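Right, one structure below, let's go through it.
In this text, all values refer to a predicted model and were calculated from it rather than measured experimentally.
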Amino acid sequence: MKKLFTQTVALLFVAILSFNAQTTNAQETTKTSNEKTLTATFKGLNVSDNFKFEFNNGEAIVFHDEAKSSPSKISLFDEGLIGERFTIFYKWVDVMLFENGEATGETMKVKRIYNIMPANNSYQRPDVLVTSNEQ
């Protein structure tokens with residue numbers, strides 16, 4: 001009886017470990033395949049309070065918001081950052097649409113920033129803390 005119990009516990013342990021490894025790999029693959037990176041100059045907020053950036057060729061790109069889970073401590077609401085170049089890590093996500101404070105049940109695809117860091121490593125603003133994207 002003790003041997004059967006030990007084998008059952010060992011089998012259960014291996015099954016849980018195997019399931020956990022499969023789940024972790026699937027999440028990492030999804031994260032990597034959906035995340036995009038670009039480098040652009042911050043231009044501030046547009047009239048819709050979205051974050052506007054501009055490439056060297058003058059083409060603009062707008063981001064809806066920043067992920068709450070972003071490891072960066074940079075706040076794009078800081079007007080002192082306008083004109084600075086950043087490397088931006090983002091994903092397309094669905095956000096719920098609201099009308100008069102009520103969810104409409106409809107969604108819209110937008111770009112969400114998941115991390116942001118200065119484009120150059122010699123960023124010298126002491127009032128801005130930047131963390132690495134490596135985890």
TODO: Could you tell me the separation between the CD1 atom of Ile82 and the NZ atom of Lys52, rounded to the nearest 0.5 Å?
DONE: 11.0 Å

TODO: May I have the step-by-step check of side-chain contact (heavy atoms from CB on, under 4.5 Å) for Phe55 and Leu38, ending in yes or no?
DONE: CA-CA 9 Å; Phe55 296 107; Leu38 60 84; 4.0 Å; yes

Open item on the list: Keeping Thr104 on the side-chain end and Leu97 on the backbone end, is there a donor-acceptor pair under 3.5 Å?
Closed with: yes

Open item on the list: Rounded at 0.5 Å granularity, tell me how far CG in Asp78 sits from CD in Glu84.
Closed with: 9.5 Å

- [ ] With Asp65 as reference, evaluate Arg112, Lys91, Lys111 under the salt bridge (Lys or Arg N to Asp or Glu O under 4.0 Å) test and give the passing residue.
- [x] Arg112

Task: Evaluation steps, side-chain contact (heavy atoms from CB on, under 4.5 Å), between Arg85 and Thr39 - done: CA-CA 7 Å; Arg85 289 187 54 77; Thr39 299; 3.2 Å; yes

Open item on the list: Within this structure, what is the CZ-NZ distance for the pair Phe89 and Lys36, rounded to the nearest 0.5 Å?
Closed with: 14.0 Å

TODO: Check for a donor-acceptor pair, side chain of Asn100 on one end and backbone N or O of Glu102 on the other, with a separation under 3.5 Å.
DONE: no

- [ ] Under the side-chain contact (heavy atoms from CB on, under 4.5 Å) rule, what do Ile88 and Asn115 come out as? Steps first, then yes or no, please.
- [x] CA-CA 6 Å; Ile88 304 149; Asn115 197 5; over 6 Å; no

TODO: Supply the atom-to-atom distance Glu66 CD to Ile116 CD1, rounded to the nearest 0.5 angstrom.
DONE: 6.5 Å

Open item on the list: Under 4.5 Å between side-chain heavy atoms, counting indirect links through other Ile/Leu/Val/Met/Phe/Trp/Tyr residues: same cluster for Val62 and Val93 or not?
Closed with: no

TODO: Give a yes or no answer on whether the side chain of Ser72 reaches the backbone of Ile74 with a donor-acceptor pair at less than 3.5 Å.
DONE: yes

Task: Residue among Tyr90, Trp92, Phe51 satisfying ring pair (Phe, Tyr, Trp, His ring centres under 6.0 Å) with Phe63 - done: Tyr90

TODO: Compute the ring centroids of Phe53 and Phe42, then answer whether they are less than 6.0 Å apart.
DONE: yes

